[in-house]
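FYI, side chains are in, hydrogens and waters are out, and symmetry mates aren't considered; it's all heavy atoms of this structure.
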Amino acid sequence: MPVKIASWNVNSLNVRLPHVIEWLDAEKPDILALQETKLPDDRFPADHFSELGYEVLYSGQKTYNGVAILARTHYEIRNPLTDIPGLDDPQRRILAADIGNLRILNLYVVNGQEVGSDKFAYKMHWLDKVTDYVRSDVGVYDYYVILGDFNIAPADEDVHDPDMWRDKILCSVQERSALENIKSLGFKDTFRLFEQPDNSFSWWDYRAAGFRRNLGLRIDLLLANTALAKRCTRAWIDRTPRGWDRPSDHAPVIGEFDLDNAMDVQAR
DNA sequence: ATGGTGGTATGACCA
């Protein structure tokens with residue numbers, strides 16, 4: 001069996017817990033990274049996930065942000081990290097951990113609101129510090145995955161209307177360049193390792209019937225370092241939960257990896 | 001159409 005790794009911005013785990021439980025039961029990922037849990041740690045529903053056979057790690061706050069990692073309990077989660085050097089940030093957007101000889105870095109990248117705004121400057125600074133951290137960390141591990149809501153559409157093919165979105169937030173040259181800086185450290189966008197349908201997106205605005213009309217962006221990514229990318233056997237976006245009642249505005253993104261031996265060595 | 005929806009919290013924010 002391959003190892004299945006997924007990422008999903010749930011836009012409030014409080015509201016979306018039934019969706020996450022149903023999706024875990026259907027897809028049975030080995031590892032699931034969540035973003036926008038919007039829950040302080042003392043309200044994280046860890047018991048619900050342990051009942052389903054998942055160990056959890058979380059870094060949350062009230063109202064905004066919040067990230068978590070779920071991993072099947074036969075894997076041991078080690079070396080958790082919530083803050084990186086040079087970024088003194090109360091916003092809970094970063095969660096890293098080791099599973100076996102795999103490093104997982106779960107990111108809820110800053111949205112940025114509008115190119116040129118204060119929040120955009122924060123986004124670019126935040127990305128710069130995360131890139132520095134990855135540069136310092138990537139050589140330590142055999143396998144390294146960076147996944148999450150990047151709030152950046154890598155290229156025009158990831159945008160439903162590239163001309164309308166040209167140089168807008170999530171699509172600007174500066175943001176795409178920052179993503180390239182991360183990828184230049186040796187990472188592949190696993191989704192693009194395979195032939196994919198045109199107009200494949202992971203986020204659709206709640207407004208203007210974005211999902212029904214497939215007016216979306218692909219901003220949720222699963223980046224794998226070269227060694228891990230070589231073991232990637234499949235990558236896709238599961239649009240199903242986006243069609244459920246009261247959905248998140250994001251769909252889960254998933255990668256499958258031929259990692260059995262690498263993970264088994266370290267599994268407890 | 002310069003809006004629209006949704007979550008949090010119950011005011012405006014954030015997306």
Worksheet item: Taking for each residue the nucleotide of DNA chain B with the nearest heavy atom, is it A:Pro247 or A:Asn151 whose nucleotide lies nearer the 5' end?
Response: A:Pro247
Worksheet entry | Atom-pair distance (CD on A:Gln61; C1' on B:dA9), nearest Å | 15 Å
Fill in: Selected nucleotide, minimal atom distance to A:Tyr64 side chain, candidates B:dT5, B:dA15, B:dC14
B:dC14
Worksheet item: Taking NZ from A:Lys62 and C1' from B:dC14, how many angstroms apart are they, rounded to a whole number?
Response: 14 Å
Item to complete: Take the protein atom CD1 of A:Ile169 and the nucleotide atom P of B:dA15, then report the distance between them rounded to whole Å.
Response: 10 Å
Worksheet item: Rounded to the nearest Å, what distance is computed from the CG atom of residue A:Asp205 to the P atom of nucleotide B:dG7?
Response: 13 Å
Fill in: A:His19/A:Trp244 aromatic ring centres below 6.0 Å
yes
Worksheet item: Taking only N and O in the side chain of A:Arg246, is any of them less than 4.0 Å away from OP1 or OP2 of B:dT5?
Response: no
Worksheet item: What is the distance, rounded to the nearest whole Å, between atom OH of A:Tyr122 and atom P of B:dC14?
Response: 12 Å
Worksheet item: For atom C1', what is the distance between B:dT2 and B:dG7, given to the nearest Å?
Response: 24 Å
Worksheet item: Considering only B:dA9, B:dG7, B:dC13, which nucleotide approaches the side chain of A:Lys119 most closely?
Response: B:dC13
Fill in: A:Arg207 vs B:dA1: side-chain N/O to OP1/OP2 distance below 4.0 Å
no
Fill in: Pairwise C1' distance, B:dA15 and B:dG4 [rounded to whole Å]
14 Å
Discussion item. Expressed as a whole number of angstroms, how long is the span from A:Asp249:CG to B:dG6:P?
Written reply: 10 Å
Fill in: Between B:dG7 (C1') and A:Trp203 (CH2): distance, integer Å
15 Å
Worksheet item: Closer than 4.0 Å, any side-chain N/O of A:Thr63 to the OP1 or OP2 of B:dC14?
Response: no
Discussion item. Does A:Arg234 qualify as a cation-pi partner of A:Trp236, given the criterion of NZ or CZ under 6.0 Å from the six-membered ring centre and within 45 degrees of its axis?
Written reply: yes
Worksheet item: Will you find, in the side chains of A:Asn225 and A:Tyr141, an N or O donor that is under 3.5 Å from an N or O acceptor?
Response: no
Worksheet item: Toward the 5' end of DNA chain B, which comes first, A:Val15 or A:His250, by nearest nucleotide?
Response: A:Val15
Worksheet item: Using a cut-off of 4.0 Å on non-hydrogen atoms, how would the nucleic acid contact of A:Arg93 be classed: base, sugar-phosphate, or nothing?
Response: sugar-phosphate
Fill in: Same-atom distance (C1') from B:dC14 to B:dA9, integer angstrom
13 Å
Item to complete: For the residue pair A:Asp249 and A:Trp204, confirm or rule out a side-chain donor-acceptor distance under 3.5 Å.
Response: no
Item to complete: Calculate the interatomic distance between A:Tyr108 atom OH and B:dA15 atom P; express it in whole Å.
Response: 5 Å
Item to complete: Consider only side-chain N and O atoms of A:Arg239 and A:Asn214, and report whether a donor and an acceptor are under 3.5 Å apart.
Response: yes
Discussion item. Does the structure show a Watson-Crick or G-U wobble partner for B:dG4, both distances under 3.5 Å? Name it, or say none.
Written reply: none
